[in-house]
Number of protein chains: 2
Amino acid sequence: MRIGELAKKAGCGADTVRYYEREGLLPPPGRSEGNYRLYDAGHLARLAFIRNCRALEMSLGEIRTLLGVKDGGGADCSGVTALLDAHIGHVDERIARLAALREQLAGLRERCCGVTPVADCGILQGLAEGGGEAAAGGGRKCLGDAGSLCGREAG
Amino acid sequence: MRIGELAKKAGCGADTVRYYEREGLLPPPGRSEGNYRLYDAGHLARLAFIRNCRALEMSLGEIRTLLGVKDGGGADCSGVTALLDAHIGHVDERIARLAALREQLAGLRERCCGVTPVADCGILQGLAEGGGEAAAGGGRKCLGDAGSLCGREAG
DNA sequence: AGACACCTTGGAGCAACTCCAGGGTCAAGC
DNA sequence: GCTTGACCCTGGAGTTGCTCCAAGGTGTCT
Ligand SMILES: [Zn+2]
Ligand SMILES: [Zn+2]
Ligand SMILES: [Zn+2]
Ligand SMILES: [Zn+2]
């Protein structure tokens, strides 16, 4: 099958498939006479694996590691469970951070009902002072960029 | 004060301050004879505001909107509460998605204890089939990119 | 005079795509 | 035979919010 059909079956775009090929996650397929990429069921299975991992928000680095084990990178699958445990840790960290954030935002939200002149808005004041309720000191360090789920470890 | 001191007081890097200036969130400050940027307390307050918003994971677009209201873009602060409510919605959506993900990952994790030959690993099988337990049909659509907190609306 | 810390600009790089321009391929229809 | 249209190719730019770098200028201390 050609790239469009493969992508449709996997639920992603053709650009994404080409991107995975460039990144080395999908092997370069054969080509037709007209230079079209031609895929088989093996390619589809591999792409579906990748998309399933992405749906679980694994990074491409983590997926690369899993594929490496799958392709014969170890006798047992201890690396798989280790990676999965680490990734669950990533998700847990992110949930914990967002839950704390949500608390702060709720506290901030209570500081105004939305009909105040801008100069008196308790929300804007809260944001000027330090966010929600965890604000106390003066020159405290801002929270870093704990935004991305998966750090730099599975390489 | 110069950019380094400002950045330190706000808990970010000098590059970040210059970036905010390029993005129009911070006004261009005065310059010294030697062409150094010179900031005052007003700049620091504005930068602290921005960093507090970022600590709550608002997007720069959302922050731009808030600053617009602050700079005199409305009679009352209803826009502020609306934006905050929307952002709380962003956080809630993300938390809900991650909680579901976490369930799926836990289900997947149970499928192997890590001492199996790679070919028999229940985790790898689960990832090939469809993720965790929400896998049933054949050619289902992959979950999209609900990764970023704040969509495209506050412009 | 030299060392050192700090500043300037412009540009590249990150993750994981997504979109586009400018062109090639192929089957169907007239 | 020729056009239409769907599909494909490559290479490059854009997204978000920074972060790092090179190459050079400034300011203070010794
Ligand atoms: Zn992870
Ligand atoms: Zn208000
Ligand atoms: Zn938001
Ligand atoms: Zn296993």
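Proteins come first, then strands; the chains are lettered A, B, ... in the order of their sequence lines, and each starts at number 1.
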Checklist line | Heavy-atom closest pair, residues B/Pro29 and B/Glu21 | finding: CD-OE1, 3.6 Å
Notebook entry, point to check: Is any NZ, NE, NH1 or NH2 atom of the basic residue among A/Asp71 and A/Arg46 found under 4.0 Å from an Asp or Glu carboxylate oxygen of the other?
Noted result: yes
Notebook entry, point to check: Any ion pair linking A/Arg94 and A/Glu57 (charged N to carboxylate O, less than 4.0 Å)?
Noted result: no
Contacts of [X] that satisfy side chain to side chain contact (heavy atoms under 4.5 Å, CB included) - sequence neighbours left out:
| X | result |
| --- | --- |
| A/Glu5 | A/Met1, A/Lys9 |
| B/Arg18 | B/Ile3, B/Ala14, B/Asp15, B/Arg22, B/Arg37 |
| B/Glu93 | none |

Checklist line | Members of residues 20-27 of chain B that approach DNA chain D, where some heavy atom sits under 4.0 Å away | finding: B/Tyr20
Check: Listed in order of residue number, which residues of residues 30-46 of chain A have a non-hydrogen atom at under 4.0 Å from DNA chain D?
Finding: A/Arg31, A/Asn35, A/Tyr36, A/Arg37
Notebook entry, point to check: Under a 4.5 Å side-chain heavy-atom rule over Ile, Leu, Val, Met, Phe, Trp and Tyr, are B/Tyr36 and B/Tyr19 clustered together?
Noted result: no
Next item on the list: Say whether, by atom type as modelled, one donor and one acceptor occur between the side chain of B/Asn52 and the main chain of B/Ala48 under 3.5 angstrom.
Entry: yes
Next item on the list: Please answer whether the main-chain N or O of A/Cys112 pairs with a side-chain N or O of A/Arg109 as donor and acceptor at a distance below 3.5 Å.
Entry: yes
Check: Angle, rounded to 10°, between the helical axes spanning five pairs at each terminus of the helix from C/dA1-D/dT30 to C/dC30-D/dG1?
Finding: 40°
Rounded to whole angstrom units, what separation is found between the [atom1] atom of [X] and the [atom2] atom of [N]?
| X | N | atom1 | atom2 | answer |
| --- | --- | --- | --- | --- |
| A/Asp15 | D/dA13 | CG | P | 16 Å |
| A/Tyr19 | D/dC8 | OH | P | 21 Å |
| A/Glu62 | C/dA16 | CD | P | 9 Å |
| A/Met1 | D/dC8 | CE | C1' | 16 Å |
| B/Ile63 | D/dG17 | CD1 | P | 8 Å |
| B/Lys8 | C/dC7 | NZ | C1' | 16 Å |
| A/Arg2 | C/dT25 | CZ | C1' | 9 Å |
| A/Arg51 | C/dA16 | CZ | C1' | 9 Å |

Check: Distance check: side-chain N/O of A/Thr16 vs OP1/OP2 of C/dT18, anything under 4.0 Å?
Finding: yes
Margin query: Quick check on D/dC9: is either OP1 or OP2 less than 4.0 Å from any side-chain nitrogen or oxygen of A/Arg18?
Written below: yes
Next item on the list: Output all residues satisfying side-chain hydrogen bond (donor to acceptor under 3.5 Å, both in side chains) with B/Ser78, sequence neighbours left out; order by chain, then residue number.
Entry: B/Asp76
Could you list, one pair per line, each protein nitrogen or oxygen that sits under 3.5 Å from a nitrogen or oxygen of nucleotides 28-30 of chain D, together with the distance?
none

Note to self: Give me each pair satisfying ring pair (Phe, Tyr, Trp, His ring centres under 6.0 Å) with a member in residues 51-88 of chain B, each pair once, sequence neighbours excluded.
What the structure shows: B/His87-B/His90
Item checked: Where at least one partner belongs to residues 59-79 of chain A, residue pairs that pass ring pair (Phe, Tyr, Trp, His ring centres under 6.0 Å), sequence neighbours excluded -> none
Margin query: So if I take every side-chain heavy atom of A/Arg54 and compare against D/dC8, D/dC18, C/dC17, which nucleotide ends up nearest?
Written below: C/dC17
Note to self: Let's see if you can work this out: which of D/dC18, C/dA16, C/dC20 has an atom nearest to the side-chain heavy atoms of A/Leu60?
What the structure shows: C/dA16
Item checked: Residues which pass ring pair (Phe, Tyr, Trp, His ring centres under 6.0 Å) with A/Tyr39, listed by chain and number, not counting sequence neighbours -> A/His43
Next item on the list: Could I get the full list of salt bridge (Lys or Arg N to Asp or Glu O under 4.0 Å) partners for B/Arg54, not counting sequence neighbours?
Entry: none
